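The structure presented is a predicted model; accordingly, all values stated were derived computationally and were not measured.
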Protein chains: 2
Amino acid sequence: MVQSSQHPVETSPADSPDGEVMTKVEALEVSLSPQERFSEYLQTRGLRQTNQRKFLVEQVFAQHDHFDAEELIDRLPRRGEENYVSTATVYRTLRECVDAGLLNCFQLDGRTVYDHDYGYPQHDHLYCTQCRKLLEFQSDELLEIRDKMAAMHGFRVESHRMIIQGVCRECSRARRKKRKQDLV
Amino acid sequence: MVQSSQHPVETSPADSPDGEVMTKVEALEVSLSPQERFSEYLQTRGLRQTNQRKFLVEQVFAQHDHFDAEELIDRLPRRGEENYVSTATVYRTLRECVDAGLLNCFQLDGRTVYDHDYGYPQHDHLYCTQCRKLLEFQSDELLEIRDKMAAMHGFRVESHRMIIQGVCRECSRARRKKRKQDLV
DNA sequence: CTTTCTGCAAAGGCTTTGCAGTCCG
DNA sequence: CGGACTGCAAAGCCTTTGCAGAAAG
């Protein structure tokens, strides 16, 4: 079976229904908006400020969310509608956003997932293998270990990617409930 | 540009040329060989003990190395030669090895990389973005943080994947050398 | 003998690319 | 105006799948 096209991705909820400790990943203060930052990037490289690029960056930063190309395309205007952008241009622009430092990307289940980088602090992910939701977490200790391990091996760190796979609270609950029902 | 098909992947060298601390990832003592373990897995599920499966598991465990499907296929007999195994069967068997717990797999640069799991301790990776080499490291602290972060979010951990990207010692040296030459 | 497996070739999913027309600067 | 950009369709890459013949139990 091939991955379905349903990949709900959400950020960590601010509240904790169980009253447990929750780290919340907050937006950072930045002097330039993502749009301005991208504009700067384009100018530096002698690239052009097109309507498609402006529109895409605006859409990408309209909500803080993880997404893949397909999800982005799904919420953009269709062919024939105003502001339609072709698939090729979407892929090309996503790559530029990564180069510009606006987005991060990583592979998950064979698709490329994009994540806001600019104006957002470093973080890692918890991935629910049941509902495919992505939660974020932050850990300075993790960074320390990363740097220590890299140093041990003479590595100069550029970046890292940590994904914890498992089952989220909601899916665990749903499963327990189901098991209970199955017993009846 | 698309990823090239050259992906040297090597394990961590045992010696440290710089005399720095090195963690070495050692093989574990296991009661069954990978072949025996796989055989057991097949029997349990009523699957068959074919020559192709036996041959592939043997090849996969002949050397401790990370590899992708292409690299494995490259060192197998060609079509027409003795013990030839089709691409489809290689992919099918790799998947079975993962199901059987013999191999781990993860995505890197768009390809699926396989890693010995059975008879080998949990470990994570350092990935050199210059030479595409994969080194291994082990850290119990990392596991503690993983569990702590998961607990904070009500997650039941199944597994995790951590990859530190950067430049390895050898590539750093090569680069320094090159810069020096460029100055002459 | 029956069911699973294999090899083949074709298809699939995601992403990139060549090209001709379009648009930015 | 010239080079960069876009949309389109086609190709590419890696992996999976349908099917008919082969093989395991």
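The distance between atom CD of Q43(B) and atom P of dC5(C), rounded to the nearest whole Å, is 13 Å. As rounded to whole Å, 10 Å separates atom P of dC5(D) from atom CZ of R92(A). Rounding to whole angstrom units, CD of residue E96(A) and P of dT15(C) are separated by 16 Å. When rounded to the nearest whole Å, the span between CG of L94(B) and P of dC5(C) equals 16 Å. The CZ-P distance, from F55(A) to dC23(C), rounds to 17 Å in whole Å. A straight line from CG of L56(B) to P of dT6(C) spans 9 Å, rounded to a whole angstrom. In this structure, CD of E71(B) is placed 11 Å from P of dC14(D), rounded to the nearest angstrom. The interatomic distance linking I73(A) (CD1) with dC14(C) (P) rounds to 10 Å, in whole Å.
Along DNA chain D, the nucleotide nearest Y114(B) and the nucleotide nearest L47(A) are compared for position; the residue whose nucleotide lies closer to the 5' end is L47(A). Judged by closest nucleotide on DNA chain C, G46(B) is the one of G46(B) and R79(B) placed further toward the 5' end.
Under the 3.5 Å distance criterion, with hydrogens and angles disregarded, no donor-acceptor pair is assigned to the side chains of Q52(A) and T93(A). In this structure, a donor-acceptor pair under 3.5 Å is present between the side chains of Q122(A) and D124(A). In the model, H64(B) has a side-chain atom that pairs as donor or acceptor with a side-chain atom of E136(B) under 3.5 Å.
The phosphate of dA22(D) (OP1 or OP2) has no side-chain N or O of N51(B) nearer than 4.0 angstrom. Between dT6(C) and S86(B), no contact under 4.0 Å exists linking OP1 or OP2 to a side-chain N or O. Dashed line: the shortest gap from a side-chain N or O of Y84(A) to OP1 or OP2 of dC8(D) is under 4.0 Å. An OP1 or OP2 oxygen of dG7(D) is reached within less than 4.0 angstrom by a side-chain nitrogen or oxygen of Q52(A). Residue T50(B) places at least one side-chain N or O closer than 4.0 Å to OP1 or OP2 of dT6(C). Phosphate contact (OP1/OP2 of dC5(D), side-chain N/O of R53(A), threshold under 4.0 Å): present. For dT16(D), the OP1/OP2 oxygens have a side-chain nitrogen or oxygen of R95(B) closer than 4.0 Å. For dC5(C), neither phosphate oxygen OP1 nor OP2 lies less than 4.0 angstrom from any side-chain nitrogen or oxygen of Y91(B).
At a threshold of 4.0 Å, the pair E96(A)-R53(A) counts as salt-bridged, since one of the basic side-chain nitrogens sits closer than that to a carboxylate oxygen.
A donor-acceptor contact shorter than 3.5 Å links the side chain of E36(B) to the backbone of S33(B).
The residue T112(A) sits close only to the backbone: its heavy atoms come under 4.0 Å of sugar-phosphate atoms, none of a base.
If you check distances only, the side chain of R48(A) does reach the base of dG3(D) with a donor-acceptor pair under 3.5 Å.
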